[in-house]
There are 2 protein chains.
Amino acid sequence: MRVLGIDPGLNISGYGIIEDNAAGVSIIEAGILKTNDKLSMENRLAELGKELATVLIQFKPDVMAIEELYSHYDHPKTAIIMGHARGLILFKAGEMGIEVVPYASTRIKKALTGNGRASKEQMQRAIQIQMGLKTIPEPPDVADALAVAYCHLHAVTRNEMITV
Amino acid sequence: MRVLGIDPGLNISGYGIIEDNAAGVSIIEAGILKTNDKLSMENRLAELGKELATVLIQFKPDVMAIEELYSHYDHPKTAIIMGHARGLILFKAGEMGIEVVPYASTRIKKALTGNGRASKEQMQRAIQIQMGLKTIPEPPDVADALAVAYCHLHAVTRNEMITV
């Protein structure tokens, strides 16, 4: 199964496409979708939609995994702007017939570290280990996208977990 | 000039397309875009995107007018979900090369009633009068969409205002 994890944002959305195979979990592709903050909102979103479509068409994920919305936000306006990007990303998945599975932050943390309240550092290290990477994925948006993708594979395949 | 006003929402988005001409302002078309709340978020957004594209293609507005984001929201999670619809709507405009102009709520009220703090009832009545309608447009999402479209025409053409 090929899973696309997304960490949505208007400035930067992280994405990570992973697959499970005999050797474990491998990264097919990961990176960021970036928009030009000098453009108007509608043109930035048009840019993001185009970049995302390219990724979806090229890598044909079976499913998209994304973090659930929280019930509380410290910065509602920032969260609403993130919501603009998230809405567009979900729309693109829906339009292309890709199922979207949302996961709570605690569940993502638990899948990767065994601890639903893991710190950012614990998470980054767990991603590095689970994906067999030499270094921690950068920027953090990529690590977060890989984490939610991994959480989905874990939920579906019940892979054995390495607790760190 | 043909202006599309939008009041975005995931359940219901109101839209109103108006034009200025010798006789004043006339409504070309108005209505709602509704999504099925039994569907998944991505499929609801796909539905909304498709319905909006139909309106954009059929009525070819020159510009889209939409209410600005507030700095404060009583229900951030609801606002973030509205943000999903708003993001998709702006994306569609950007993709189709339609400029989007956001207006503050107070400016919309002022354009229609002369009073930036007008009540909902004053606004509804002003919309009815300005558009020459026999009744107040229903549901309120349609009235709100017509109001922001009117605000744009007013800002651009400085039409004389009937203060109510």
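To find a chain, count down the sequence lines: A is the first, B the second, and so on, and within it residues start at 1.
Counting all heavy atoms, side chain and backbone alike, A:F91 lies closest to B:K92 at CZ-CE, 3.7 Å.
Residue A:M1 is not grouped with residue A:L56 when hydrophobic side chains (ILVMFWY) are merged at heavy-atom distances under 4.5 angstrom, including chains of intermediate members. A:I18 is not connected to A:I136 by any chain of hydrophobic side-chain contacts under 4.5 Å among Ile, Leu, Val, Met, Phe, Trp and Tyr, and they are in different clusters. Using a 4.5 Å cut-off between side-chain heavy atoms of Ile, Leu, Val, Met, Phe, Trp and Tyr, with links allowed through other members, A:L88 and B:L90 fall into the same hydrophobic cluster. A continuous path of ILVMFWY side-chain contacts below 4.5 Å connects B:I17 to B:M96, so both sit in one hydrophobic cluster. A single hydrophobic cluster is not seen to contain both B:V142 and B:M82; linkage of ILVMFWY side chains at heavy-atom distances under 4.5 Å, directly or through other members, places them apart.
For chain B, the option among A:E95, A:R86, A:K77 with the highest count of heavy-atom pairs below 4.5 Å is A:R86. Heavy-atom pairs under 4.5 Å with chain A peak, among B:A93, B:P102, B:A79, B:A85, at B:A79. Contact count versus chain A (heavy atoms, under 4.5 Å) is highest, among B:V100, B:I89, B:L10, for B:V100.
Proximity to chain B is limited to the backbone of A:I98, based on heavy atoms less than 4.5 angstrom apart.
Once rounded to the nearest 0.5 Å, the distance linking CG of B:L69 with CD1 of A:I81 reads 6.0 Å.
Within residues 39-55 of chain B, the residues approaching chain A closer than 4.5 Å by heavy atoms are, in numerical order, B:M41, B:E42, B:N43, B:L45, B:A46, B:G49.
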